[in-house]
Student: 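I have a structure I would like to understand better, so I am pasting it below and will then ask my questions one at a time.
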There are 2 protein chains.
Amino acid sequence: MDGLDPGNVFLADCPARLAVEVIADKWAVVVLWGLNDGPRRHTELITLIGGISKKVLTQTLRRLQTNGLVTRENFGGVPPRVEYELTPLGRTLMGPIRMLTLWAEENGEAVLDAQERT
Amino acid sequence: MDGLDPGNVFLADCPARLAVEVIADKWAVVVLWGLNDGPRRHTELITLIGGISKKVLTQTLRRLQTNGLVTRENFGGVPPRVEYELTPLGRTLMGPIRMLTLWAEENGEAVLDAQERT
DNA sequence: CGGTATCCTATAGGATACTG
DNA sequence: CAGTATCCTATAGGATACCG
């Protein structure tokens, strides 16, 4: 740390809290993870990510754009060609997200079991 | 890995996807993080976590319980005493969540800037 | 202290069809 | 291909008050 006080996630109305909420939706983490290996087109993401619809994918990408994590580049032409890519800020999230998805793959069954026990 | 195929977060209807969705709400990460240092009472969490209401905290804790991440112990007596604590499964999430909250504290300002630029 | 009860609204997000 | 448009519903989650 170098003198900055970015606040912490326990404080309401501080940027850290805001940043946590960025990934607090059903699709953000999965979509970001889908961009980990490089730029992807809309259709590529649709194919990659099971269960997401075009509408919801677009919604999610727009939100990620607003939050500075993803860029959208329109190459024009017919048929259209649009690519989504992580920003440098978005790339800083890949470490945490890598851990999270790894956790999910290792512990998904345990979560499922817990839910079914209820 | 030992032969298990837990699926991956890109597959719909697989436990990994389910596990990702466990933390996909406004409060789950912050509440879990609040339990990182040990068992906490309802009021302690209310005090710790800025902006959360009793109702929403209870809701969130119940959901985390259902997902096998948190236990609730009622010690009875007057006044009541209830403690929430991470399960072993919940503790396995602390690594990813530590990274996530750290990221949020380091990059919250950048996210805020991006939002304001929009 | 640790909740419910009640009421309310915004919005996430699913389904489907259409378009430039 | 990459989207909108439209419609729909469930529910997250905020505010406030009451309770054992």
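All values derive from a computational prediction rather than experimental measurement. Just the heavy atoms: all of them, side chains too, but no hydrogens, waters or symmetry mates, feed the values below. Note on naming: letters A, B, ... go to the chains in the order of the sequence lines (proteins, then strands), and numbering restarts at 1 for each one.
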Student: Would you jot down, in residue-number order, the residues of residues 36-45 of chain A having a non-hydrogen atom under 4.0 Å from DNA chain D?
Tutor: Arg41(A), His42(A), Thr43(A)
Student: Check the interface with nucleotides 11-15 of chain D: list each N/O to N/O pair with the protein under 3.5 Å, or write none.
Tutor:
{"residue": "dG13(D)", "atom": "OP1", "partner": "Lys26(B)", "partner atom": "N", "Å": "3.0"}
{"residue": "dG14(D)", "atom": "OP1", "partner": "Lys26(B)", "partner atom": "NZ", "Å": "2.7"}
{"residue": "dG14(D)", "atom": "OP2", "partner": "Trp27(B)", "partner atom": "NE1", "Å": "3.4"}
{"residue": "dG14(D)", "atom": "N7", "partner": "Lys55(B)", "partner atom": "NZ", "Å": "3.4"}
{"residue": "dG14(D)", "atom": "O6", "partner": "Lys55(B)", "partner atom": "NZ", "Å": "2.2"}

Student: Extract the stems that DNA chain D is part of, considering only consecutive pairing runs of at least three Watson-Crick or G-U wobble pairs, both distances under 3.5 Å.
Tutor: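 Detected stem regions: C:1-20 with D:1-20.
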Student: Between Arg40(B) (side chain only) and Glu85(B) (backbone N and O only), is there a donor and an acceptor less than 3.5 Å apart?
Tutor: no
Student: Compare every heavy atom of Gly34(B) with every heavy atom of Leu48(B), then report the nearest pair and how far apart it is.
Tutor: CD2-CA, 3.7 Å
Student: Sub-3.5 Å donor-acceptor pair from the side chain of Arg81(A) to the main-chain atoms of Gly76(A), do we have one?
Tutor: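 Judged by distance alone, no pair lies under 3.5 Å.
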Student: Does the side chain of Tyr84(A) get closer than 4.0 angstrom to OP1 or OP2 of dC1(D) through an N or O atom?
Tutor: no
Student: Rounded to the nearest angstrom, tell me the gap between atom NZ in Lys54(B) and atom C1' in dT4(C).
Tutor: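 Taking atom C1' of dT4(C) as the reference, NZ of Lys54(B) is at 9 Å.
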Student: To the nearest Å, how far apart are Glu73(B) CD and dG3(C) P?
Tutor: 13 Å
Student: Run the side chain to side chain contact (heavy atoms under 4.5 Å, CB included) check on Thr118(A) and Asn67(B) step by step: do they pass?
Tutor: CA-CA 9 Å; Thr118(A) 308; Asn67(B) 293 324; over 6 Å; no
Student: Is the side chain of Asp25(A) donor-acceptor paired with the backbone N or O of Ala28(A) at a distance under 3.5 Å, no angle test?
Tutor: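 Such a contact is found between Asp25(A) side chain and Ala28(A) backbone.
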Student: Report the residue (Pro80(B) or Arg72(A)) whose heavy-atom-nearest nucleotide on DNA chain D is the more 5′ of the two.
Tutor: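 The residue closer to the strand's 5' end, by nearest nucleotide, is Arg72(A).
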Student: Among dA2(D), dG3(C), dT4(D), which nucleotide has an atom closest to any side-chain atom of Arg62(A)?
Tutor: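 The nucleotide sitting nearest to the side chain is dT4(D).
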Student: Working note: Leu100(B) + Val20(A), criterion side chain to side chain contact (heavy atoms under 4.5 Å, CB included); need CA distance, chi angles, decisive distance, verdict.
Tutor: CA-CA 7 Å; Leu100(B) 207 56; Val20(A) 169; 5.8 Å; no
Student: Leu93(B) and Leu89(B): same hydrophobic cluster, using ILVMFWY side-chain contacts below 4.5 Å?
Tutor: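 Yes; tracing contacts between hydrophobic side chains, which count when under 4.5 Å, links both residues.
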Student: Is it true that Leu69(B) and Met99(B) fall in one hydrophobic cluster, defined by side-chain heavy atoms closer than 4.5 Å?
Tutor: no
Student: Going through the distances and angles, do Glu73(A) and Tyr84(A) end up as a side chain to side chain contact (heavy atoms under 4.5 Å, CB included)?
Tutor: CA-CA 6 Å; Glu73(A) 187 167 9; Tyr84(A) 295 93; over 6 Å; no
